[in-house]
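These notes are about the structure you will find just below.
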Protein chains: 2
Amino acid sequence: MADTSARRIDPAEEPAPSSEAPEIDFDLIELFFFAYRDFTSDPDHMLDELGFGRAHHRILHFINRRPGLTVAELLDVLQITKQSLARVLKQLIDTGHVMQVQGPRDRRQRELHLTAKGRALALALAAPQSRRISRALADLKPEDRSTVEHFLKEMVNREFRQQVDNLGHHEPESAEERS
Amino acid sequence: MADTSARRIDPAEEPAPSSEAPEIDFDLIELFFFAYRDFTSDPDHMLDELGFGRAHHRILHFINRRPGLTVAELLDVLQITKQSLARVLKQLIDTGHVMQVQGPRDRRQRELHLTAKGRALALALAAPQSRRISRALADLKPEDRSTVEHFLKEMVNREFRQQVDNLGHHEPESAEERS
DNA sequence: AGATTATGTCAACAAGGCTGACATAAATTT
DNA sequence: AAATTTATGTCAGCCTTGTTGACATAATCT
């Protein structure tokens with residue numbers, strides 16, 4: 001029951017990739033779905049115990065990456081609405097994970113910063129994801145990390161590539177890469 | 001405004017990756033988030049116009065991949081509850097995208113199949129994702145596709161690797177492949 | 001016959017998206 | 001200086017898609 005394996009049924013029922021559709025890469029599409037599902041599963045479980053959700057994680061992550069970013073910038077990165085952000089952000093502020101400071105140049109702005117508590121949580125959530133990534137890279141050649149990085153970067157819409165580039169703590173990246 | 005670039009503020013506020021946390025790979029973590037966000041964006045927009053959501057896409061996808069799979073198997077793959085599935089599946093049946101046929105061996109089971117209409121939609125949704133993937137692979141070496149595939153496969157929890165393997169329409173792929 | 005299994009369905013709830021409207025303070029423009 | 005625009009906050013309410021638990025039916029298995 002619910003044995004998810006062994007089911008090849010009738011070949012006539014296969015999607016017939018060569019004729020109807022010009023080479024749809026179902027394998028990678030599906031793998032990407034599973035990979036992302038499991039990638040988010042570890043932090044999801046931790047968040048659950050704190051009464052938080054994935055939305056909280058995203059906010060913590062981006063504030064951690066760019067301390068001092070403003071609310072507008074965060075909305076821009078997350079591509080959600082003000083209201084969606086507000087609800088979750090408020091919880092993080094109330095629980096002492098995030099602090100707001102009035103913008104120095106423009107006093108209308110609120111710069112977002114993590115507290116020590118927030119930083120600790122952000123790191124704790126990222127840890128299993130990072131471990132998963134390094135396990136996934138483990139039996140690949142060291143150079144393959146940049147292949148994967150390149151692939152993922154190209155998957156991002158052009159309009160947002162810049163966003164991605166700026167977020168990284170990249171060294172100029174001469175010939176080699178990372179350590 | 002909301003210029004998402006140029007913000008490096010105070011170096012003291014950086015997460016200090018080397019001391020507090022042992023090498024968290026924030027770059028790939030983040031890239032994976034963006035990549036998946038945009039990966040799903042094209043089909044999401046199309047679904048929107050049909051009054052469907054991402055949940056419908058997943059169902060269409062998996063039925064397309066394994067015509068005749070049962071409800072229990074689908075639940076297993078999607079890892080959602082019966083109720084969550086039922087609601088969405090019902091819509092797809094009512095709109096003529098999915099058909100149910102009584103299981104031949106076990107008449108309690110309902111085998112799920114796409115209609116021509118459902119197949120057409122599944123393909124239409126997959127097309128931009130497939131295009132995105134091949135664009136992302138375009139300036140990599142041809143062998144790098146298997147690097148990416150390997151990476152993604154390793155990102156999946158062990159318990160589900162099998163599921164993934166079985167879903168693919170893989171040729172044996174000679175001397176290679178996992179354990 | 002009785003238990004288990006596969007599926008369907010009902011009610012109710014929660015998270016986290018969304019919209020539109022409106023308020024305030026600060027900055028910018030006229 | 002006044003008017004406008006901008007950055008943020010907040011309110012009310014909606015939708016999708018996830019959740020749980022309970023219960024019904026038919027088919028299969030013991």
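Because the structure is predicted, anything quoted here is derived from the model rather than measured. Order of the sequence lines sets the chain letters (A, B, ...), proteins ahead of strands, with each chain counted from 1.
Note: CG (A:Leu78) to P (C:dG16) measures 13 Å, nearest angstrom. When the C1' atom of C:dG17 is taken as reference, atom CZ of B:Arg37 falls 15 Å away, rounded to whole Å. A straight line from NZ of A:Lys90 to C1' of C:dA15 spans 17 Å, rounded to a whole angstrom. The CG-P distance, from B:Asp76 to C:dA6, rounds to 11 Å in whole Å. In this structure, B:Leu74 places its CG atom 14 Å from C1' of C:dA6, rounding to the nearest Å. Rounded to an integer number of Å, the gap from CG of B:Leu92 to P of D:dT17 is 10 Å. Between the P atom of C:dA25 and the CZ atom of A:Arg110 lies a distance of 11 Å, rounded to the nearest Å.
Taking the side chain to side chain donor-acceptor pair (under 3.5 Å) definition, one finds that B:Asn157 meets it with A:Arg132, sequence neighbours left out. Evaluation of the ring pair (Phe, Tyr, Trp, His ring centres under 6.0 Å) rule for A:Phe151 yields no partner, not counting sequence neighbours. A:Gln100 is linked by a side chain to side chain donor-acceptor pair (under 3.5 Å) to nothing, counting only residues two or more places apart in sequence or in another chain. With sequence neighbours excluded, the residues that form a side chain to side chain donor-acceptor pair (under 3.5 Å) with A:Thr40 are A:Arg54. For A:Thr115, the side chain to side chain donor-acceptor pair (under 3.5 Å) test picks out no residue, with sequence neighbours left out.
For the OP1/OP2 pair of C:dT5 and a distance below 4.0 Å, the side-chain nitrogens and oxygens of B:Gln109 include no atom meeting the criterion.
Every pair tested for ring-ring contact (aromatic ring centres under 6.0 Å, His included) that includes a residue from residues 68-89 of chain B fails, sequence neighbours excluded, so the list is empty. Pairs of residues two or more places apart, or lying in two chains, that qualify as ring-ring contact (aromatic ring centres under 6.0 Å, His included) and include a residue from residues 67-107 of chain A are A:Phe52-A:His97. The list of salt bridge (charged side-chain N to carboxylate O under 4.0 Å, His left out) pairs with a residue in residues 79-90 of chain A, not counting sequence neighbours, reads A:Lys90-A:Asp94.
Between A:Phe34 and B:Phe62, the ring planes lie tilted relative to each other; the angle falls in the 30° to 60° range.
For the segment residues 44-59 of chain B, residues with any heavy atom less than 4.0 angstrom from an atom of DNA chain D are, sorted by number, B:Gly53, B:Arg54, B:Ala55, B:His56, B:Arg58.
At the heavy-atom level, A:Gln91 lies nowhere under 4.0 Å from the strands shown.
Remark: aromatic rings of A:Phe32 and A:Phe39 are distant, center separation not under 6.0 Å.
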Quick one: which protein N/O atoms are closer than 3.5 Å to N/O atoms of nucleotides 26-30 of chain C? Pair and distance per line, please.
from	atom 1	to	atom 2	distance (Å)
C:dA27	OP1	A:Arg107	N	3.1
C:dA27	OP2	A:Arg107	NH1	3.3

Pairs under 3.5 Å (N/O, protein and nucleotides 19-21 of chain D):
from	atom 1	to	atom 2	distance (Å)
D:dT19	OP2	B:Thr81	N	2.6
D:dT19	OP2	B:Thr81	OG1	2.9
D:dT19	OP2	B:Ser84	OG	3.2

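Side-chain atoms of B:His150 and A:Asp144 form no donor-acceptor pair, as typed in the model, at a separation below 3.5 Å.
Rounding to the nearest 0.5 Å places OG of A:Ser84 at 12.0 Å from CG of A:Leu89.
Taking only side-chain atoms of B:Val88, from C-beta outward, the nucleotide of C:dT7, D:dT8, D:dT17 with the closest atom is D:dT17.
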Side chain to side chain contact (heavy atoms under 4.5 Å, CB included) between A:Gln109 and A:Gln102, worked out: CA-CA 6 Å; A:Gln109 296 181 334; A:Gln102 207 169 43; over 6 Å; no

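In this structure, the helix from C:dA1-D:dT30 to C:dT30-D:dA1 shows an angle of 20° between the axis at its start and the axis at its end, each fitted on 5 base pairs and rounded to 10°.
Under a 4.0 Å N-O distance rule, the pair B:Arg145/A:Asp25 qualifies as a salt bridge.
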